[in-house]
Amino acid sequence: MFAGFTPETVDFLWGIRLNNNREWFMENKPNYVRHLYEPMKALGAELFQPFVDKPGELLKVSRIYRDARMHHPLPYKESLWICIRQDVDWWAENPCLFFEINPEGVDYGFFIWQPRVATLKEFHRDIAARPEPFLEMIRKTEKDTGMEISAELYKRPEKTEDPRLERFFAWKKAIGCIRHEDFSPEVLSPELAIRVADFFQKLMPVYDYFNKFKV
C-alpha cells in the first residue's frame with residue numbers, strides 16, 4: 001500500500017541533481033530505495049488496479065540508472081516515473097497515463113510524445129467522419145479535469161472543412177493533459193494516490209480513444 005512520500009524523498013531528488021556521481025549515489029542508495037523507489041512501486045500498484053483486467057495493459061516503473069547506451073554524461077536520472085500503457089513496440093508513439101516525480105514536484109496525466117504521421121492522418125479521418133462523439137468527449141474531459149488538452153502544433157496544418165476540428169488538425173506531437181503539483185504536505189501524503197487515480201479516471205475516455213490508433 002502506498003504510504004506517501006517523505007521529506008527524505010525530496011532531499012534525495014535534490015541530492016542526486018547536485019551530486020550526480022556514483023560515490024554519492026552509493027552512499028545514499030538506501031535512501032533511494034526506501035524513500036523513492038519503493039514508494040513509487042507501491043503507488044504504481046495502486047494506480048494500476050483499474051487496468052488489471054484490461055487486455056494488453058502494462059505498468060512500467062522506471063529506475064534511476066540511465067541507459068549506458070545513450071552515452072549521457074551523467075549516470076543517474078533526476079526523476080522517476082510510472083507509465084501505464086498498452087504493450088506496444090515504442091511507447092513514445094502511443095498514448096500513456098503517467099506519473100513523474102522530480103526535484104520541482106510531481107506531474108501526472110495523459111500524454112502522447114511523438115505520434116506517427118500515419119497515426120495522425122488516421123486520427124484526422126476518424127474525427128472528420130464522426131466529429132460529434134469526439135468533440136463531446138473532449139468537452140467533457142476538459143470540463144471534468146478543468147484543464148485543456150494541448151499539443152505542439154504544425155505551422156501549416158492539414159486543412160479541414162469543419163472549423164470545429166481545426167484545433168485538432170493542428171496537433172503535431174506532445175499531445176497531453178498534465179497536472180503539476182509543487183511539493184507540499186498534501187503531495188507527500190497517501191492521499192496523492194487518490195488524486196492521481198481520480199485524474200486518470202477522468203482522462204480514460206481520451207486514453208482509450210487514442211489507443212484505437214496504437215502502432
Side-chain angles (χ1 to χ4, degrees), residues 1-20 24-25 27-54 57-65 76-85 91 95-113 137-151 174-208 210:
M1 179 179 293
F2 177 64
F5 294 109
T6 65
E8 288 82 3
T9 308
V10 184
D11 290 344
F12 176 84
L13 288 165
W14 277 106
I16 199 66
R17 171 172 287 183
L18 299 174
N19 305 275
N20 202 317
W24 186 92
F25 177 76
E27 182 179 342
N28 290 273
K29 187 175 180 179
N31 289 331
Y32 159 67
V33 174
R34 180 178 179 183
H35 297 291
L36 183 55
Y37 184 63
E38 292 297 338
M40 281 290 282
K41 286 201 303 180
L43 177 60
E46 287 200 26
L47 295 177
F48 193 64
Q49 282 303 306
F51 299 85
V52 168
D53 296 325
K54 293 189 69 174
E57 295 288 342
L58 297 177
L59 169 68
K60 296 291 185 180
V61 181
S62 72
R63 302 292 297 271
I64 201 163
Y65 309 99
Y76 305 105
K77 302 171 187 173
E78 297 178 355
S79 68
L80 251 62
W81 50 258
I82 296 162
C83 179
I84 296 171
R85 59 171 175 80
W91 69 268
C96 71
L97 297 167
F98 80 96
F99 173 91
E100 183 176 25
I101 186 168
N102 57 59
E104 282 73 37
V106 300
D107 299 278
Y108 54 92
F110 163 82
F111 197 54
I112 312 175
W113 185 28
M137 177 191 67
I138 294 295
R139 281 193 293 266
K140 186 176 188 311
T141 300
E142 293 184 337
K143 179 181 178 182
D144 290 347
T145 61
M147 297 182 65
E148 183 181 56
I149 300 172
S150 61
I175 302 168
C177 182
I178 300 169
R179 177 181 288 168
H180 173 81
E181 294 188 43
D182 293 331
F183 283 120
S184 68
E186 290 74 22
V187 169
L188 298 180
S189 74
E191 284 70 33
L192 174 66
I194 299 173
R195 293 199 305 281
V196 178
D198 178 70
F199 198 58
F200 281 6
Q201 185 62 37
K202 292 171 179 176
L203 290 166
M204 279 293 293
V206 176
Y207 173 73
D208 287 339
F210 278 100

Any Leu36 side-chain heavy atom under 4.5 Å of Ile101 side chain
yes

Shortest non-hydrogen contact from Cys83 to Cys96?
SG-CB, 3.5 Å

Taking all non-hydrogen atoms of both residues, which atom of Ala193 and which atom of Leu43 are closest, and how far apart?
CB-CD1, 3.6 Å

Of all residues at least two apart in sequence or in a different chain, which pass the salt bridge (Lys or Arg N to Asp or Glu O under 4.0 Å) check with Asp11?
none

By ring-ring contact (aromatic ring centres under 6.0 Å, His included) - contacts of Phe2 (at least two apart)
Phe5

Starting from the C-alpha separation in whole Å, work towards a yes-or-no answer on side-chain contact (heavy atoms from CB on, under 4.5 Å) for Trp91 and Leu58.
CA-CA 11 Å; Trp91 69 268; Leu58 297 177; over 6 Å; no

Test ring-ring contact (aromatic ring centres under 6.0 Å, His included) applied to Trp14 - qualifying residues, sequence neighbours left out
none

Heavy-atom side-chain proximity of Cys177 to Leu203 below 4.5 angstrom
yes

Go through Phe51 and Leu97 one step at a time and tell me if the side-chain contact (heavy atoms from CB on, under 4.5 Å) criterion holds.
CA-CA 11 Å; Phe51 299 85; Leu97 297 167; 3.5 Å; yes

For Ile178, the side-chain contact (heavy atoms from CB on, under 4.5 Å) test, sequence neighbours excluded, returns Phe98, Asp107, Phe111

Can you find a heavy atom in the side chain of Ile84 that is under 4.5 Å from one in the side chain of Phe200?
yes

State the OG-CZ distance between Ser62 and Phe99, to the nearest 0.5 angstrom.
11.0 Å

To the nearest 0.5 Å, what is the distance between CE (Met137) and CD1 (Ile149)?
6.5 Å

Among all residues two or more places apart in sequence or in another chain, which pass the salt bridge (Lys or Arg N to Asp or Glu O under 4.0 Å) test with Glu142?
Arg167

Between the side chain of Thr9 and the main-chain N/O of His35, is any donor-acceptor distance below 3.5 Å?
yes

Restricting to salt bridge (Lys or Arg N to Asp or Glu O under 4.0 Å), what partner residues turn up for Glu8, sequence neighbours left out?
none

Take Asn28 and Ile16 through the test side-chain contact (heavy atoms from CB on, under 4.5 Å) and record every step on the way to the result.
CA-CA 9 Å; Asn28 290 273; Ile16 199 66; over 6 Å; no

Any pair counted as side chain to side chain donor-acceptor pair (under 3.5 Å), so long as it reaches residues 187-202, sequence neighbours left out
Glu181-Arg195, Ser189-Glu191, Asp198-Lys202

Given side chains that start at C-beta, do those of Ile64 and Phe25 come closer than 4.5 Å, heavy atoms only?
yes

Would you please name every residue forming a ring-ring contact (aromatic ring centres under 6.0 Å, His included) with Trp81, sequence neighbours left out?
none

More than 12 foreign heavy atoms under 6.0 Å from NZ of Lys140: is that the case here?
no

With the side chain counted from C-beta on, respond yes when Leu59 and Leu47 share a heavy-atom pair under 4.5 Å apart, and no when they do not.
no

Got a sec, which residues hit side-chain hydrogen bond (donor to acceptor under 3.5 Å, both in side chains) with Glu104, two or more places apart in sequence or on another chain?
Arg17

Pairs where residues 27-41 contributes a residue and the test salt bridge (Lys or Arg N to Asp or Glu O under 4.0 Å) is met, not counting sequence neighbours:
Glu38-Lys41

Please enumerate all residues that pass ring-ring contact (aromatic ring centres under 6.0 Å, His included) together with Tyr37, with sequence neighbours excluded.
Tyr32

Smallest heavy-atom separation, Asn102 atom then Phe183 atom, equals O-CE1, 3.2 Å

Which pair of non-hydrogen atoms, one from Ile175 and one from Ala151, has the smallest distance, and what is that distance?
CG1-CB, 3.7 Å

The salt bridge (Lys or Arg N to Asp or Glu O under 4.0 Å) partners of Lys77 (sequence neighbours excluded) come to none

Does any donor atom in the side chain of Glu186 or Ser184 lie under 3.5 Å from an acceptor atom in the other side chain?
yes

Give the C-alpha distance, both sets of side-chain angles, the deciding distance and a yes or no for side-chain contact (heavy atoms from CB on, under 4.5 Å) between Trp24 and Tyr76.
CA-CA 11 Å; Trp24 186 92; Tyr76 305 105; over 6 Å; no

I need the minimum non-hydrogen distance between Pro39 and Gly4, along with the two atoms involved.
CB-O, 4.2 Å

